[in-house]
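No experiment lies behind these values; they were computed from the predicted model shown. To find a chain, count down the sequence lines: A is the first, B the second, and so on, and within it residues start at 1.
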Protein chains: 2
Amino acid sequence: MEIKEISQAVIGRLPRYYRYLGDLKDEGVERISSQELSELMKVTASQIRQDFNNFGGFGQQGYGYNVEYLYKEIGKILGLDQTHHFIIIGAGNLGQALGGYLNFERRGFIFSGMFDQNPALVGKDVRGVKVQPMEEMEAFVKNNAVDIAVLTIPKTGAVDVAEKLVSYGIKAIWNFAHVDLNVPEGIQVENVHLSDSLMKLSYNINRYNQSLMENQ
Amino acid sequence: MEIKEISQAVIGRLPRYYRYLGDLKDEGVERISSQELSELMKVTASQIRQDFNNFGGFGQQGYGYNVEYLYKEIGKILGLDQTHHFIIIGAGNLGQALGGYLNFERRGFIFSGMFDQNPALVGKDVRGVKVQPMEEMEAFVKNNAVDIAVLTIPKTGAVDVAEKLVSYGIKAIWNFAHVDLNVPEGIQVENVHLSDSLMKLSYNINRYNQSLMENQ
DNA sequence: CCCATTTTGACAACATTTTAACATTATGTT
DNA sequence: AACATAATGTTAAAATGTTGTCAAAATGGG
């Protein structure tokens, strides 16, 4: 039995396709060719066809791709046809921002719990979810079907909290703490390192200015 | 004059090196070999040497790398030896979270202005910076040295605001709006598409469960 | 219903990125 | 001061990712 492994490079592009196709669908566009989509998204048509073909051909020769169908299929690949319950650890501004995001819910991500060690935040209501003390986390994870834990706490403690979450049965972590988590094989971690992103921007500002100077 | 272009793949890894080296420095470690660092960071030693060599050899054969020196040099490459002033457009929870981040300041990123169209937020104080109405944005950008604009507003309007910012002279945008900005050549944009990141996580949860089933 | 046109899916060529191998250079111990 | 050891910088090979090309298939107009 051959399982074709899809590269993360391809997976990384799927959400963007999904976004553009959703917009097209909302605009009432019924069909689109890889050529048209490539002009819209500023990527090569070849890449689009190659990417979609990883999953076995969603198009029709001479016609192109049906927008609604393709949108739905990519959604399925991304698991958006399923419901994922998530909890947020850390009820600061970032945690509150993520908890308040209505768009996540539209994609099947249900905000179902929030925890913080700061007593001043405990009891606070974030879009219908009450902040609970950290001590409640274990029972909550064990008694509820939680698919994803979102870590919006400072780097100190993040590794420990992640280990605890895993021991309670959590299988996926969306990590905003600026540290690499140490989790066993099979636990999915997606990192969002904001300061890394800012540094990349800083590099590119710099680099551009430098190349300007050198061209004089 | 030949300007060797460094690939974004390499740049993307620099912040992580920077973080590990900073930690090592704080622990008082003086020197490290690519071998040791590779075990710590779980990447190949070859990649580490290759990456550093893009910038012309920071190490010493038979010795390794001096932690403090390497840390500083990478900081310079990333432009962290310079000061960058940033403003935040959108004073919601996400904007407030980013404005409140003390670590950015440590890296030379100075939070100097904040804007929102919601009158209820105008006047609010975020770490010493008062939220101003959107109408003040133009004058502020033109009268102050602003290096980076952070966009933490909904996707509706983000494209317009970005265009305005560029017309006022902004050269770099850190974009959290879930939309692709349309900016002229030479304007740096770094996107943080949170829902894309969440979808990738969702895919990987799914994929792992599936491969488990198929192996039974 | 035929045929020109469109457009995919597949494959091959090309480019980039990553890893491996090793010659060279510095270290530090005797 | 010589030499064994350590570890870089560099080059080569392998792996991965992207783009170009084209045959085959479907469309849709006449």
Side-chain angles (χ1 to χ4, degrees), chain A residues 2-17 20-21 24 29-74 77 200 203-204 207, chain B residues 2-17 20-21 24 29-74 77 200 203-204 207:
Chain A
E2 193 64 27
I3 305 167
K4 215 221 282 163
E5 183 81 24
I6 311 292
S7 84
Q8 290 292 314
V10 174
I11 303 309
R13 285 192 290 266
L14 291 185
R16 186 152 179 265
Y17 292 131
Y20 272 85
L21 289 166
L24 287 167
V29 178
E30 249 179 45
R31 58 184 262 192
I32 195 160
S33 68
S34 59
Q35 184 57 45
E36 293 169 292
L37 192 56
S38 84
E39 281 157 22
L40 204 61
M41 296 185 63
K42 312 233 167 77
V43 296
T44 61
S46 219
Q47 178 160 79
I48 291 175
R49 293 204 295 276
Q50 192 88 310
D51 281 350
F52 293 167
N53 251 81
N54 279 294
F55 307 96
F58 298 133
Q60 195 93 51
Q61 279 156 328
Y63 175 88
Y65 299 88
N66 178 285
V67 171
E68 182 142 18
Y69 173 70
L70 184 55
Y71 175 76
K72 229 181 205 157
E73 287 302 309
I74 294 178
I77 293 165
K200 257 193 288 175
Y203 172 85
N204 284 320
R207 185 194 53 83
Chain B
E2 193 64 29
I3 307 168
K4 215 221 280 160
E5 182 81 25
I6 312 291
S7 85
Q8 289 292 314
V10 174
I11 303 310
R13 284 192 291 266
L14 291 186
R16 186 152 179 267
Y17 291 131
Y20 273 85
L21 289 165
L24 286 167
V29 177
E30 250 180 43
R31 59 184 262 192
I32 194 159
S33 68
S34 58
Q35 184 58 45
E36 293 170 291
L37 192 56
S38 83
E39 281 158 22
L40 205 59
M41 297 185 61
K42 312 232 167 82
V43 297
T44 62
S46 218
Q47 178 161 80
I48 290 174
R49 294 203 296 276
Q50 193 86 300
D51 282 349
F52 292 167
N53 250 80
N54 278 294
F55 307 96
F58 298 133
Q60 195 93 53
Q61 279 156 329
Y63 175 89
Y65 300 88
N66 179 286
V67 171
E68 182 142 18
Y69 172 69
L70 184 55
Y71 175 76
K72 230 181 204 157
E73 287 302 310
I74 294 179
I77 293 166
K200 256 193 288 175
Y203 171 86
N204 283 321
R207 184 193 54 81

Rounding to an integer number of Å, can you tell me how far [X] [atom1] sits from [N] [atom2]?
X: B/Asn54; N: D/dT11; atom1: CG; atom2: P; result: 13 Å
X: A/Phe58; N: C/dG9; atom1: CZ; atom2: P; result: 9 Å
X: A/Gln8; N: D/dT18; atom1: CD; atom2: P; result: 13 Å
X: B/Glu39; N: D/dA7; atom1: CD; atom2: P; result: 11 Å
X: A/Tyr69; N: C/dT8; atom1: OH; atom2: P; result: 15 Å
X: A/Ile6; N: D/dT18; atom1: CD1; atom2: P; result: 13 Å
X: A/Asp51; N: D/dT16; atom1: CG; atom2: C1'; result: 14 Å
X: A/Gln35; N: C/dT7; atom1: CD; atom2: C1'; result: 10 Å

Indicate, with a heavy-atom threshold strictly under 4.0 Å, whether [X] touches base, sugar-phosphate, or nothing.
X: B/Gln50; answer: base
X: B/Phe52; answer: nothing
X: B/Ser46; answer: base

Query - Sub-4.5 Å side-chain heavy-atom contact between B/Phe55 and B/Leu14 - result: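 In short, these two side chains touch, coming nearer than 4.5 Å.
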Requested in this report: Classify the ring geometry between A/Phe52 and A/Phe58 as parallel (under 30°), tilted (30 to 60°) or perpendicular (over 60°).
Outcome: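 A/Phe52 and A/Phe58: tilted rings.
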Query raised in the report: D/dT8 base to B/Arg31 side chain: any donor-acceptor pair below 3.5 Å?
Result: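 Under the 3.5 Å cut-off, the side chain and the base do not form any donor-acceptor pair.
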Query - Quiz item: B/Gln61 side-chain donor-acceptor pair to C/dT24 base, under 3.5 Å - result: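 Yes, the side chain and the base share a sub-3.5 Å donor-acceptor pair.
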Given [options], the nucleotide with the shortest approach to the side chain of [X]:
X: A/Arg49; options: D/dT18, C/dA10, D/dG9; result: C/dA10
X: A/Ser7; options: D/dT18, D/dG17, C/dT8; result: D/dG17
X: A/Ser33; options: C/dT7, D/dT19, C/dA10; result: C/dT7

Report task. Please test B/Asn204 against A/Gln8 for side-chain hydrogen bond (donor to acceptor under 3.5 Å, both in side chains), starting from the C-alpha separation and ending with a verdict. Result -> CA-CA 9 Å; B/Asn204 283 321; A/Gln8 290 292 314; 3.0 Å; yes
Query raised in the report: Which of these passes side chain to side chain donor-acceptor pair (under 3.5 Å) with B/Ser33: B/Arg31, B/Gln35, B/Glu36?
Result: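 Of all the options given, the one that passes is B/Glu36.
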Query raised in the report: OP1 or OP2 of C/dA10 less than 4.0 angstrom from a side-chain nitrogen or oxygen of A/Asn53, does that happen here?
Result: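 Checking C/dA10 against A/Asn53, a side-chain N or O does come within under 4.0 Å of OP1 or OP2.
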Query - Contact nearer the 5' end of DNA chain D, comparing A/Thr44 with A/Gly62 - result: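 Mapping each residue to its closest nucleotide by heavy atoms, the 5'-most match is A/Thr44.
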Query - Position toward the 5' end of DNA chain D (nearest nucleotide), A/Ala9 or B/Tyr65 - result: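 That would be B/Tyr65.
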Report task. For residues B/Ser38 and B/Ala45, report the shortest heavy-atom separation together with the two atoms involved. Result ->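 Closest pair (atom of B/Ser38, atom of B/Ala45, distance): CB-N, 3.5 Å.
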